[in-house]
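Report on the structure given below.
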Protein chains: 2
Amino acid sequence: MSGRNTVVSSLPARVPLAEYEACPVTEVFRRFGDKWTLVTLMLLSERTHRFNELQHRIEGISQRMLTRTLRALESDGLVQRTVHPTVPPSVEYSLTPPGRSLLGPLAEIAAWAVGREPG
Amino acid sequence: MSGRNTVVSSLPARVPLAEYEACPVTEVFRRFGDKWTLVTLMLLSERTHRFNELQHRIEGISQRMLTRTLRALESDGLVQRTVHPTVPPSVEYSLTPPGRSLLGPLAEIAAWAVGREPG
DNA sequence: CTGCATCCCTGCGGATACTG
DNA sequence: CAGTATCCGCAGGGATGCAG
């Protein structure tokens, strides 16, 4: 949407494609609209998890997708990855403060979604 | 996530795939994570639009995708489609009350997204 | 004007096998 | 244990053409 965002500010007569694709709000939904990001984030909101823990708690996720999901969250600065150089290696994932700050707004959406559930 | 939602309630030891996919919160993000739904919704939050108006205001969208996007929003009950049987036909799209009720939560996400923009 | 039908291309995501 | 590499199918989405 606008270079800032479309949800808050008023919209131009014609929404430029480039700006829309650069819109941070759009970006958020595209990120969390993928298959595994949301569950992963929610599990991490409980507590720190090891890689294997996550894989066992999320039914149906493959190693590949868990890795990709975590890497994406990490590069977004929402998740912190900590490697313990033991043998065998142990890697812990936890939410960063920005990651936690998302939980509030997320709960808003959740409340809305749940509120219109069946009827 | 859980049959209700994962964001609010506590998570099971193992998140069942079926329940996660049925989670309304997940569903919301998947819906709005697609390419055109968010802009469309935002334009409609301003006022009622005709099909052609929308297509001209959203740079880069194809007829096909605008149709699909609107149909999806309609079947979600977020958008109302009104056909005026004139020649040539005229079709108007507007937000339903449920559609409007989404704007608040959406603004929360927007604020969060904008808040962490560049730095 | 407002669509639907068709073709095609790309990227998401699953399955499997291999490494430090 | 925690990944990476490879292959591959499928759905999202663009371009174009036709229709009521």
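Just so it is clear, the structure is predicted and the values come from calculations on it, not from any experiment. Lettering of chains follows the sequences in order, A, B, ..., and the numbering in each one begins at 1.
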Subject >> A:Asp34 CG to D:dG12 P, straight-line distance once rounded to whole Å >> reply: 14 Å
**OP:** Please tell me which of A:Arg64 and A:Pro88 maps to the more 5' nucleotide of DNA chain D, matching each residue to the nucleotide holding its nearest heavy atom.
**Re:** A:Pro88
Original post:
Can you name the nearest heavy-atom pair linking A:Leu17 to B:Gly60, along with the distance?
Top reply: CD2-CA, 4.5 Å
Original post:
Taking atom types as modelled and ignoring hydrogens, do the side chains of A:His49 and A:Arg57 form a donor-acceptor contact shorter than 3.5 angstrom?
Top reply: yes
**OP:** Select one nucleotide: of D:dG3, D:dA2, C:dT2, the one nearest the side-chain heavy atoms of B:Gln63.
**Re:** C:dT2
Original post:
Please walk me through it: do A:Arg81 and A:Glu92 pass salt bridge (charged side-chain N to carboxylate O under 4.0 Å, His left out)?
Top reply: CA-CA 6 Å; A:Arg81 179 171 179 268; A:Glu92 288 189 335; over 6 Å; no
**OP:** Establish, with yes or no, whether the OP1 or OP2 oxygen of C:dT2 is under 4.0 angstrom from a side-chain nitrogen or oxygen of B:Arg50.
**Re:** yes
**OP:** Looking only at side-chain atoms of B:Arg68, point me to the closest of D:dA2, C:dG3, D:dG12.
**Re:** D:dG12
**OP:** Give me the ring orientation class for B:Tyr93 and B:Phe51: parallel if the planes are under 30° apart, tilted from 30 to 60°, perpendicular past 60°.
**Re:** tilted
**OP:** For B:Ile61 and C:dG3, give me the distance from atom CD1 to atom P, rounded to whole Å.
**Re:** 13 Å
Original post:
Rounded to whole angstrom units, what separation is found between the CD atom of B:Gln55 and the C1' atom of D:dA15?
Top reply: 13 Å
**OP:** Using only side-chain N and O atoms of B:Tyr93, determine if any of them is under 4.0 Å from OP1 or OP2 of C:dG3.
**Re:** yes
